[in-house]
Amino acid sequence: MQEKESEAVQAQRRRRKRIARIKNTIIAVIAGWILLSMLLIICLFVKVAFLENKVKYLTAVSSAAMENTNGLQNGASPTEAQEPAGTEGEPDSELETVEPPKIGIDDEENLAEADDIHKIYLTFDDGPSENTEEILDILAEYGVKASFFVTGQEGEEAEALYRRIAEEGHTLAMHSYSNKYSLIYQSEEAFQEDYQKLYDYLYDVTGVQCRYYRFPGGSSNQISNVPMNQLIHFLNSRQIVYYDWNVSAGDAASTAYSADEIVEKVTQDVVKYKTSVVLLHDGADKSATVEALGPLIEALQAMNAEILPIDEDTQVIQYVKADSVE
């Protein structure tokens, strides 16, 4: 009798242990599911924030490029087709007259004829990045010089890349320190502070006094809270030449074009002009641009084009001409 009672007690204990294990398993599964869900939600928020910033950037660049293209197709110069944001009907009397260092070439004068030699300026925005070193290696392999419109990246690796750009004979130019539209274009003072911070930083790192600038979104962007004529006037007063572009590789979005499509798009467009300033991007997500660079250089060289870095002899490409702002 006692043996039966003992077996019953042991069976009950085993049953309780099984129930406890099942409960613990259920709790662990639920806790793991909750934890995984939280991690996925956090990743989703980070991804959404990244995409929102990317969309803002692409919208600005695409808007500027598209408006420029539409203006050219309608037979108007970029200055006529794209008036600076906030300048319509506004007098410039409050701005002291400043002589611009250089002004943009007229579009008709830049149209290529059959015997013209094409001058191509490959320009890279947004660097340095983890792709910059490979871009520099490819340029060195082909003996080609380019122009880098850089942002403010701190740290030893970035500083080494700034120095390498300058030391290897490429043009080190400015594209804003933060590359954040909401900060750069918040006010005229914010733009000037961002400009000066990048200018001083690059000089401290490389000893180069940068003379060239590219507005994020272009000189005709519609994002700035400040009339663009005021920002152009500021650069003119500092004797800084700003460059837009008349050929875009279409690589602003990370997956916009394949390497082959980038090569095809650029080579089809540069033949239209005597001087082509080609917009490319130097970002961590621009693997297609890196892949396209070698074949692009070979295609341009096969056209007997001159591939050059921006310098004082370069014809200036500007959507809003520097001399249109007094």
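Counting from 1, the numbers follow the sequence of the chain as shown. Predicted, not measured: the structure shown is a model, and the values here were computed from it.
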If only atom types and distance count, is the side chain of [X] paired as donor or acceptor with the main-chain N or O of [Y] below 3.5 Å?
X      : Y      : answer
Gln239 : Asn236 : yes
Glu154 : Gly152 : no
Tyr185 : Pro216 : yes

Worksheet entry | Steps toward side-chain contact (heavy atoms from CB on, under 4.5 Å) verdict (Tyr243, Tyr212) | CA-CA 7 Å; Tyr243 274 84; Tyr212 308 108; 3.8 Å; yes

Looking just at side-chain N and O atoms, do [X] and [Y] make a donor-acceptor pair shorter than 3.5 Å?
X      : Y      : answer
Gln196 : Arg238 : yes
Thr151 : Gln153 : yes
Glu264 : Gln268 : yes
Tyr177 : Glu193 : no

Tell me, with the steps shown, if Tyr121 and Lys119 meet side-chain contact (heavy atoms from CB on, under 4.5 Å). CA-CA 7 Å; Tyr121 297 85; Lys119 293 185 177 182; 4.0 Å; yes

message: Among Phe234, Phe149, Tyr181, Phe191, which residue satisfies the ring pair (Phe, Tyr, Trp, His ring centres under 6.0 Å) criterion with Phe215?
response: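 The passing option is Phe191.
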
- Hey, mind stepping through Leu202 and Val208 against side-chain contact (heavy atoms from CB on, under 4.5 Å) and telling me if it holds? CA-CA 7 Å; Leu202 295 177; Val208 174; over 6 Å; no

Straight-line distance of [X] [atom1] to [Y] [atom2], nearest 0.5 Å:
X      : Y      : atom1 : atom2 : answer
Gln230 : Ser224 : CD    : OG    : 8.5 Å
Leu35  : Ile30  : CG    : CD1   : 13.5 Å
Leu183 : Asn179 : CG    : CG    : 10.5 Å
Lys180 : Gln186 : NZ    : CD    : 12.5 Å
Arg211 : Met174 : CZ    : CE    : 7.5 Å
Thr275 : Asp116 : OG1   : CG    : 9.5 Å

So, are [X] and [Y] salt-bridged, with charged N and O less than 4.0 Å apart?
X      : Y      : answer
Glu167 : Arg163 : no
Lys321 : Asp244 : no
Lys197 : Asp200 : no

Run the side-chain contact (heavy atoms from CB on, under 4.5 Å) test on Val241 and Val316 for me, step by step, so that the C-alpha distance in whole Å, both residues' side-chain angles and the decisive distance to 0.1 Å come before the verdict. CA-CA 8 Å; Val241 182; Val316 181; 3.9 Å; yes

Is it the case that atom CD in Glu298 sees more than 12 heavy atoms from other parts of the structure closer than 6.0 Å?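 Counting neighbours around CD of Glu298, more than 12 heavy atoms of other residues, nucleotides or ligands fall under 6.0 Å, so yes.
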
| query | Around atom CD of Glu157, are there more than 12 heavy atoms of other residues, nucleotides or ligands at under 6.0 Å? | reply |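 Open: at most 12 neighbouring heavy atoms sit under 6.0 Å from CD of Glu157.
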
Close aromatic pair by centroid cut-off 6.0 Å: Phe124 and Phe148 =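 Aromatic pair counts; centres sit under 6.0 Å.
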
Requested in this report: Please confirm whether Tyr199 and Tyr213 have ring centers closer than 6.0 angstrom.
Outcome: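 No.
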
- Item | Derivation of the salt bridge (Lys or Arg N to Asp or Glu O under 4.0 Å) call for Lys102 and Asp323 | CA-CA 8 Å; Lys102 292 190 75 173; Asp323 65 342; over 6 Å; no

(request) Please report the C-alpha distance between Tyr201 and Tyr203 in whole Å, then the side-chain angles of each, then the deciding distance to 0.1 Å, and finally whether the ring-ring contact (aromatic ring centres under 6.0 Å, His included) criterion is met. (result) CA-CA 5 Å; Tyr201 178 55; Tyr203 180 75; over 10 Å; no

- prompt: Which of these passes side-chain hydrogen bond (donor to acceptor under 3.5 Å, both in side chains) with Asp125: Lys286, Arg214, His281?
  reply: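 It is Arg214; the other options fail the test.
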
Quick check: closest heavy atoms across Val263 and Ala292, and the distance to 0.1 Å?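 Taking Val263 first and Ala292 second, the nearest heavy atoms are CG2-O, 3.6 Å.
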
